[in-house]
Amino acid sequence: MIDREQIKVHGGHLALGQQSKNNHRDCKAGVDTKSRLYVKRVVGGLVAFCHHCQEPGFVRDLDTDGTNLRRWLFDKDSDTPRVFRSPYLELSDKRFKVKDPVILNWLYKHHINPLTSSPDAHYFQELPNQQLCLSINNNMGHTSGYQLRSFSGGPKYTTYYAEAYASDVAWFPATGTTIFITEDYASAYRIWRDTTNPTIALLKTTMSNPTALTLIGVKNAKFVIWLDADDAGDKGARKIEERLRYLCNPGQTVMRITSPLEPKELTVKELKSQVGLITS
């Protein structure tokens, strides 16, 4: 079991429904440098899972209504958990064009240039303290949350969801029935931007039932699973493939890509070529 004190450290700032990715200290599978420890605040406490050593963990509420833990996590004088119902509105006045050289270099490395591209500038915006804000839309095009990519220490990724929309992935809708499923936001964005195929970013290595059922609702869809080329990504991709194959309707197909490079790491030409082979 994952050490509970470590879960509290990584999950103490999370509101209901939020999750964070962190390096797992003292991971039994070896040194974790890829933030494979996921911690999420749920009704009843904090749950955690390491995609490196496959160990779970939890910190439960001390009372059935969560009162004591909520006070410890949030505010000694308040029992009310912080739920971000409209994160887009909360951040709309604080976003800026990306100017930080560290963030720009990371984006340039993945062939994203918010200084010259209007779509890039819309989907990748800067927040104070070296944070990159990634807007999360649901399958209807509504803003359902946001993910923060930190470049100044602490959890690398922190994801916030708006309770009103209950979407746990980032959708990039487009015409076409070949739907690419990636692990990270930038990879899904690159496929959508450079090949005009519909994509979703899981923001993790698992797929929820609501997301799977929404995908299955697309007639004659071809699902292409393209997760990171590591143990967690491989294991997650296999499970997602198995689930989608089980749920598939007549006319729907599922395939899984095994590639040493993530979609965001490919040049525009390389990405178009590889996607073209898949969709042809």
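- Counting only distance, with no hydrogens or angles, the side chain of D100 and the backbone of V102 share a donor-acceptor pair below 3.5 Å.
- To the nearest 0.5 Å, atoms SG (C133) and CG (L127) are separated by 4.5 Å.
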Derivation and outcome, side-chain contact (heavy atoms from CB on, under 4.5 Å), residues T206 and H51: CA-CA 10 Å; T206 58; H51 291 276; 4.3 Å; yes
Pair T177-K219, side-chain contact (heavy atoms from CB on, under 4.5 Å): steps then yes or no: CA-CA 8 Å; T177 55; K219 292 183 178 180; over 6 Å; no
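- Between the OG atom in S117 and the NE2 atom in H122 there is a gap of 11.5 Å [rounded to 0.5 Å].
- No donor-acceptor distance shorter than 3.5 angstrom exists from the side chain of N22 to the backbone of S35, with no hydrogens or angles considered.
- Inter-residue side-chain proximity for V39 and I2 is flagged as unmet; no heavy-atom pair is nearer than 4.5 Å.
- Ring orientation note: the planes of F124 and Y185 are nearly perpendicular, at an angle over 60° on the 30°/60° scale.
- More than 12 heavy atoms of other residues, nucleotides or ligands shown are found within 6.0 angstrom of CE on M1.
- Counting heavy atoms from C-beta on, the side chains of I179 and W171 never come closer than 4.5 Å.
- Remark: the backbone N or O of I112 is not paired with any side-chain donor or acceptor of K264 at under 3.5 angstrom.
- Looking at V275, L271, T195 one by one, the single match for side-chain contact (heavy atoms from CB on, under 4.5 Å) with R190 turns out to be L271.
- Ring geometry for W192 against Y123 counts as perpendicular: the plane angle is over 60°, on a 0 to 90° scale with 30° as the lower cut.
- In this structure, F49 and T205 have side chains that are not in contact, with every pair of non-hydrogen atoms separated by 4.5 Å or more.
- The environment of Q130 atom CD is dense: over 12 non-hydrogen atoms of other residues, nucleotides or ligands sit within 6.0 angstrom.
- Under a hydrophobic-cluster definition in which Ile, Leu, Val, Met, Phe, Trp and Tyr are linked whenever side-chain heavy atoms come within less than 4.5 Å, directly or via other members, M255 and L227 are assigned to different clusters.
- Taking each heavy atom of S259 and A229 in turn, the nearest pair found is O-CB, 3.0 Å.
- Taking all atoms of both residues into account, the shortest heavy-atom contact from T211 to S208 is OG1-OG, 3.1 Å.
- Applying side-chain contact (heavy atoms from CB on, under 4.5 Å) to K34 and the options V31, L37, D32 leaves one that passes, D32.
- Under the ring-ring contact (aromatic ring centres under 6.0 Å, His included) criterion, H110 pairs with W106, not counting sequence neighbours.
- In this structure, W226 and I191 approach most closely via the heavy-atom pair CE3-CD1, 4.0 Å.
- For the pair E262 (side chain) and S187 (backbone), a donor-acceptor distance under 3.5 Å is absent.
- When all heavy atoms of P114 and V98 are compared, the pair lying nearest together is CG-CB, 3.9 Å.
- Under the 3.5 Å distance criterion, the side-chain polar atoms of S273 are left unmatched by any main-chain donor or acceptor of K269.
- Here the rule is side-chain contact (heavy atoms from CB on, under 4.5 Å) with M207, and of L244, V169, I225 only L244 fits it.
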Derivation of the side-chain contact (heavy atoms from CB on, under 4.5 Å) call for V254 and Y246: CA-CA 10 Å; V254 183; Y246 176 79; over 6 Å; no
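- Looking at heavy atoms from C-beta onward, D120 lies in side-chain contact with R193 at the 4.5 angstrom threshold.
- Remark: E5 engages K8 in a salt bridge, criterion side-chain N to carboxylate O under 4.0 Å.
- Using modelled atom types, no side-chain atom of E241 and backbone atom of R256 make a donor-acceptor pair closer than 3.5 Å.
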Criterion side-chain hydrogen bond (donor to acceptor under 3.5 Å, both in side chains) on Q19 and K204, from CA distance to verdict: CA-CA 10 Å; Q19 71 174 8; K204 50 191 176 295; 5.9 Å; no
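- Among Q147, K21, K40, the single residue meeting the side chain to side chain donor-acceptor pair (under 3.5 Å) criterion with T159 is Q147.
- Counting heavy-atom neighbours within 6.0 Å of D234 CG, excluding the residue itself, gives a total above 12.
- Outside the 6.0 Å centre-distance limit, the rings of Y157 and Y38 are not counted as a close aromatic pair.
- Inter-residue side-chain proximity for T182 and T199 is flagged as unmet; no heavy-atom pair is nearer than 4.5 Å.
- A 4.5 Å side-chain heavy-atom check between R243 and N209 finds at least one atom pair inside the cut-off.
- At a cut-off of 3.5 Å, with distance as the only test, no side-chain donor of S150 or Q131 sits close to an acceptor on the other residue.
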